[in-house]
Number of protein chains: 2
Amino acid sequence: MLSKQQLIEYSEDARKNYVNHISIDCVVFGFHEGQMKVLLLKTHDEEKWYLPGGFVLKEEPIDNAAVRILQERTGLDKIFLQQFRVFGDPDRSKVHNDMYADMLPKEQNWFSGRFISIGYYALVDFFGVIPHPDQFSELCAWRDLDDMPEMQLDHENIYKSALDALRLQLNYQPIGYNLMPREFTMPELQKLYEAILGKKLDRRNFQRRILAFGILNRSEEPRKGGAHKAPYLYSFDIENYQHALTEGFKGGW
Amino acid sequence: MLSKQQLIEYSEDARKNYVNHISIDCVVFGFHEGQMKVLLLKTHDEEKWYLPGGFVLKEEPIDNAAVRILQERTGLDKIFLQQFRVFGDPDRSKVHNDMYADMLPKEQNWFSGRFISIGYYALVDFFGVIPHPDQFSELCAWRDLDDMPEMQLDHENIYKSALDALRLQLNYQPIGYNLMPREFTMPELQKLYEAILGKKLDRRNFQRRILAFGILNRSEEPRKGGAHKAPYLYSFDIENYQHALTEGFKGGW
DNA sequence: TTACAATTGTGTACTTAATACACTATGATA
DNA sequence: TATCATAGTGTATTAAGTACACAATTGTAA
């Protein structure tokens, strides 16, 4: 809490329109053709790309804001979302201030102040997404994880931070229900893990480990028509999956 | 990003003093006599306790704000701090609005708007702390983890969330350098882990595991004068400890 | 039609980590 | 000097992680 003196000063700051702007930045992960993808936007003028994001509106719960923003960019409304960090150092604000100063006439511009951004990452079904550019962008598109472009502001930092958080999640929670189609083969699921971790895994050991989690159902019929031996199809056991999500895997202690 | 229309509306909100207030709430953990402790404050009027916290000041980096607030309450300036979550749903704001409305004359009160709070947890040396009540509190004191009082607002939620985050950290990072005295015995360190986890651990297996991390040095001389067999004294190997902090323990994949 | 390449399914030996438990050693106290 | 509480060390068993090898299936090229 503030002392009374600080309280008055703080209140004065607010009156002088040094206000705080709370925004959301989302790192949207998708998976397609063995590649991990991130949904990015690009403005008309700039070469650099940026993350989907936006302000938290008046009276809007933070999580709802993230859902709304993702709904606008992807068309999806049931999305796995995870808040992972706040980015709010003052240097971010200068760039934002300048950016918005250009967009609005002076008498309508109350955008001096601090910009803090709450980082979320999302896991989505690649085929379910219909990328919608926003007002300021000419492009909204998937980019490969291992071919990421230059990004605006501190968005590269935010995206890397999201990837770290996702990799951490892999160690104590199941992943995949939100990224894979309903049915998939074991090698396909393995490719997802490899894409997230950025390294190869042993085929046989991967299978044993993932099966031991008890979150997969194997269907009777293997997939046919492929160029090689027909692989079995798996789907997630949603009940066990949910249970593993909330309880987490064994862990250390 | 917002559309131009939304941008104007948002800007208008700011002008009408619907502004965002960014505060910090800290869950300060200490360890003393085998008990995990949390530093809490209590107002004169209210029976309920609350977490040390405060607003982020103009131009102040968020992490600095947390450091400043903890400095004021504990007297410490080198503190292990970890941001773990943002709390910002609109219902929080009503209570805050009312609270501050009572404190300031109307013409100085610009406190309508949203209150979001960034949760940090801190690990500190119990003996290094000199608890300083703030302007509004009569008491700033340690409370036992297993005897926590009723708390104001959503502070119970925040504190529980911090404990979850701390327990998670235990699985992939070393803990203890910030909570233990320079030298300590193995049973003492074990009590810390048990206090955090809220369960008993096997003496012998604990020792093997913690030693395998390679972050401890055993001193030549055991501690003397105790009522029983003299235990060895350990201290953290700060170099390996730091390395383990940044790299993390093995993990799952 | 047959050999081959690519891919999938399954199995096994080896190493490391986790768990459960037992014995010995020390130092104050009765 | 016997006893109690606590500390240090060890060992057998089980589970998990790692590193491999081999057989089965299917389209394609010889």
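Letters A, B, ... mirror the listed sequences (proteins, then strands); counts begin at 1.
- Annotation: of the two residues near DNA chain C, B:D202 and A:D202, the 5′-most nearest-nucleotide partner is A:D202.
- Checking C:dG9, C:dA25, C:dT12 against every side-chain atom of A:R208, the shortest atom distance belongs to C:dT12.
- Nearest-nucleotide assignment on DNA chain D puts the 5′-proximal partner with B:K191, out of B:K191 and A:H228.
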Could you give me the CA-CA distance, side-chain angles and deciding distance for A:D147 and A:R143, then say whether salt bridge (charged side-chain N to carboxylate O under 4.0 Å, His left out) is met?
CA-CA 7 Å; A:D147 178 37; A:R143 299 286 313 222; 3.8 Å; yes
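- Checked by distance alone, A:R204 brings a side-chain donor or acceptor within 3.5 Å of a matching partner on the base of D:dA21.
- Between B:F236 and B:Y177, the angle of the ring planes goes over 60°, which puts this pair in the perpendicular group of the 30/60° scheme.
- Between the P atom of D:dA7 and the NZ atom of B:K229 lies a distance of 10 Å, rounded to the nearest Å.
- The separation between B:K199 atom NZ and C:dT19 atom P is 8 Å, rounded to whole Å.
- B:R182 forms no cation-pi arrangement with B:F184, by the criterion of a distance under 6.0 Å to the ring centre and an angle within 45° of the ring axis.
- Rounded to whole Å, the distance from CG on A:L201 to P on D:dA16 is 19 Å.
- For the pair B:Y232 OH and D:dA7 C1', the interatomic distance rounds to 10 Å; values are reported in whole Å.
- OP1 or OP2 of C:dT10 has at least one side-chain nitrogen or oxygen of A:R218 nearer than 4.0 Å.
- Following rounding to the nearest Å, A:F249 (CZ) and D:dA15 (C1') show an atom-to-atom distance of 17 Å.
- Rounded to a whole Å, the CG atom of A:L189 is 13 Å from the P atom of C:dT8.
- Atom CZ of A:F206 is separated from atom C1' of D:dA19 by 18 Å (rounded to the nearest Å).
- Side chain B:R203 to base D:dG8: a donor-acceptor pair is found below 3.5 Å.
- The distance from atom CG of B:N171 to atom C1' of C:dA17 is 15 Å, rounded to the nearest whole Å.
- Both A:N205 and B:Q207 lie near DNA chain D, and the one whose nearest nucleotide falls closer to the 5' end is B:Q207.
- Under 4.0 Å is where a charged nitrogen must lie from a carboxylate oxygen, and between A:K199 and A:E194 no such pair does.
- Between A:Y193 and B:W253, the ring planes lie tilted relative to each other; the angle falls in the 30° to 60° range.
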